[in-house]
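One structure is given here, and the rest of the page talks about it.
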Amino acid sequence: MIHRTARALLQRIREGDAGSPGDQAVARVLDAAVIRASLPVDSRVVLAGDDEYPPQLEHLSDPPLALFVRGRPVGAVTSMVAIVGARNCSDLGRDLARELARSLAAHGAVVVSGAARGIDAAAHEGALDAGGITLAVLGCGIDAVYPPGSGPLVGRILERGSVVSEYPPGVPPDGFRFPARNRIVAALCRAVVVVEGAARSGSLISAEHALELGRDVFAVPGAVTNPLAEAPHRLIREGAALIRGAEDMLADLGIEAGAQVSFDDLELPGPERAAFRALRGSVVPDRVAGELGIPVPEALSLLLRLELRGLVRSVGGRFERRLAGAGPSRTGGAGIGRNPSPPAAGGPPVEA
């Protein structure tokens with residue numbers, strides 16, 4: 001049965017003729033006036049069927065009846081890609097998420113994530129660093145700042161993008177709400193990119209929703225001994241596209257990649273350039289010294305200078321390259337290519 005208005009549908013749910021038992025229980029205590037009065041002054045309610053309601057959410061079997069929105073209108077946004085992953089991510093994973101988001105934003109795509117710490121935060125930051133647009137989907141009421149300490153990030157997102165939730169003000173960030181949130185992340189986007197995640201990562205939930213909805217799923221591989229690589233490796237074995245970085249992702253999405261910054265294009269003094277080129281993988285200073293034929297203290301000095309430039313990092317006494325664009329010595333950005341086409345209209349709890 002088609003309900004022409006939100007009021008009619010809400011009444012049917014209250015009467016027990018639609019929705020789940022949980023929906024019916026909530027609907028019976030909803031008070032529209034109270035909800036609107038508790039909304040932050042810069043927010044609004046977007047009902048299913050409104051012009052701002054994203055049509056791709058209608059692909060869900062249980063689309064939200066309404067979205068609570070702060071920031072830019074979301075209905076006009078058509079080119080969205082989600083970047084998700086572990087909250088307790090590695091430095092490399094954080095850099096990669098930021099660089100992927102930066103490349104997407106530079107090419108006109110909107111980066112979507114969940115505003116959690118770790119990979120989510122890095123994705124939002126990368127899009128903002130590129131001067132692009134990003135959208136955060138919350139697993140709590142639109143008036144909440146979660147996780148604690150994310151207020152500055154949410155503020156930056158609102159300057160250029162949007163924050164949305166299906167939950168009215170006052171709804172706490174209970175663990176079971178985050179998997180439900182992930183279905184909205186997947187439905188909004190044309191593709192989901194999983195950077196890092198453990199075996200029980202909520203990123204798998206986002207990927208599963210994406211597959212059910214016919215969206216593309218990409219995963220970044222890692223070392224087989226790294227627990228944070230378990231979710232991406234599982235997805236790759238099940239058919240997700242393996243990507244090694246931004247160029248793979250842009251190519252698979254059909255986005256023309258502009259000129260990308262390479263560390264080899266940076267102007268470095270000869271000894272520092274030689275030391276940088278000697279970093280193939282994660283190596284100790286002794287190995288660099290042996291390859292360059294210089295004393296270990298001299299090699300260590302060169303590596304520390306590269307680290308101060310933001311080009312390498314030290315992890316457990318070993319040095320490795322940082323991703324292009326991840327450090328402060330970045331000298332440029334990706335060019336603007338064509339925008340991707342939108343999707344057709346029509347134990348303890350995990351959090352990410």
Side-chain angles (χ1 to χ4, degrees), residues 71-72 74 77 79-139 146-147 149-150 152-164 178 181-182 184-186 188-197 201-207 209-210 215-220 222 228 231-232 235 240 243-246 248-250 252-253 255 322-326 330 333-334 340 351-352:
R72 295 170 61 98
V74 295
V77 178
S79 301
M80 302 194 201
V81 177
I83 297 178
V84 298
R87 288 169 291 154
N88 298 318
C89 63
S90 69
D91 290 341
L92 181 61
R94 184 179 292 107
D95 285 351
L96 180 54
R98 186 178 288 111
E99 181 60 19
L100 292 173
R102 184 183 290 114
S103 295
L104 284 168
H107 288 82
V110 174
V111 175
V112 178
S113 201
R117 68 179 188 271
I119 296 300
D120 284 17
H124 292 303
E125 291 165 357
L128 293 169
D129 290 347
I133 300 172
T134 186
L135 185 151
V137 184
L138 304 184
Y146 184 84
S150 64
L153 174 60
V154 171
R156 288 189 66 201
I157 293 171
L158 288 173
E159 291 176 3
R160 293 196 53 83
S162 310
V163 176
V164 306
F178 294 94
R181 179 273 310 271
N182 290 352
I184 296 177
V185 171
L188 284 172
C189 299
R190 62 174 300 192
V192 172
V193 183
V194 178
V195 177
E196 287 183 336
S201 171
S203 305
L204 292 171
I205 298 174
S206 299
H209 284 301
R215 311 299 197 245
D216 292 327
V217 176
F218 302 123
V220 179
L228 290 175
L235 292 170
I243 58 171
R244 298 163 296 179
D248 284 353
M249 177 186 63
L250 295 174
D252 288 352
L253 287 171
I255 302 174
R322 290 172 62 88
L323 293 165
R330 192 171 72 253
E351 293 188 11

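When reading the values below, keep in mind they use all heavy atoms of this one structure, side chains included, and skip hydrogens, waters and symmetry mates. Since the model is a prediction, treat every value here as computed from it, not as a measurement.
- Note that the NE2 atom of H209 and the CZ atom of R181 stand 11.0 Å from one another [nearest 0.5 Å].
- Pairing each heavy atom of G71 with each of S162, the nearest pair is C-OG, 4.2 Å.
- In plain terms, the two heavy atoms of A105 and G132 that are nearest each other are CB-CA, 3.9 Å.
- Between the R215 side chain and the C189 main chain, a donor and an acceptor come within less than 3.5 Å of each other.
- Taking CG of L96 as the start and CE of M249 as the end, the distance is 8.5 Å to the nearest 0.5 Å.
- Nearest heavy-atom pair across A207 and L235 is CB-CD2, 3.7 Å.
- To the nearest 0.5 Å, the span separating CD1 on I119 from CZ on R87 amounts to 12.0 Å.
- Taking both residues in full, the closest heavy atoms of G245 and L100 are given as C-CD2, 3.6 Å, listed atom of the first, atom of the second, then distance.
- Within the model, atoms CG of L250 and NE2 of H107 stand 5.0 Å from one another, a figure rounded to the nearest 0.5 Å.
- Here E196 contributes atom CD and S90 contributes atom OG; the two are 3.5 Å apart, rounded to the nearest 0.5 Å.
- Pairing each heavy atom of I157 with each of L128, the nearest pair is N-CD1, 4.1 Å.
- Of the possible polar contacts, none joining the T134 side chain to the G161 backbone as a donor-acceptor pair under 3.5 Å is found.
- Contact of the V137 side chain with the L135 side chain is registered, since non-hydrogen atoms from C-beta on lie closer than 4.5 Å.
- Using modelled atom types, no side-chain atom of R190 and backbone atom of S79 make a donor-acceptor pair closer than 3.5 Å.
- Using a distance-only test at 3.5 Å, with no hydrogens or angles considered, no donor-acceptor pair links the side chain of D252 to the main chain of I243.
- Considering OG of S201 and CG of N88, their distance stands at 10.5 Å, rounded to 0.5 Å.
- Using a 4.5 Å heavy-atom threshold, the side chains of N182 and V84 count as separate.
- E159 and R156 are not joined by a salt bridge, as no carboxylate oxygen comes within less than 4.0 angstrom of a charged side-chain nitrogen.
- Annotation: side chain of L104 is in contact with side chain of L253 (closest heavy-atom distance under 4.5 Å).
- Shown here for P232 and G197, the closest heavy-atom pair between the two residues is CD-O, 3.7 Å.
- The side-chain heavy atoms of I205 and F178, taken from C-beta on, include no pair separated by under 4.5 Å.
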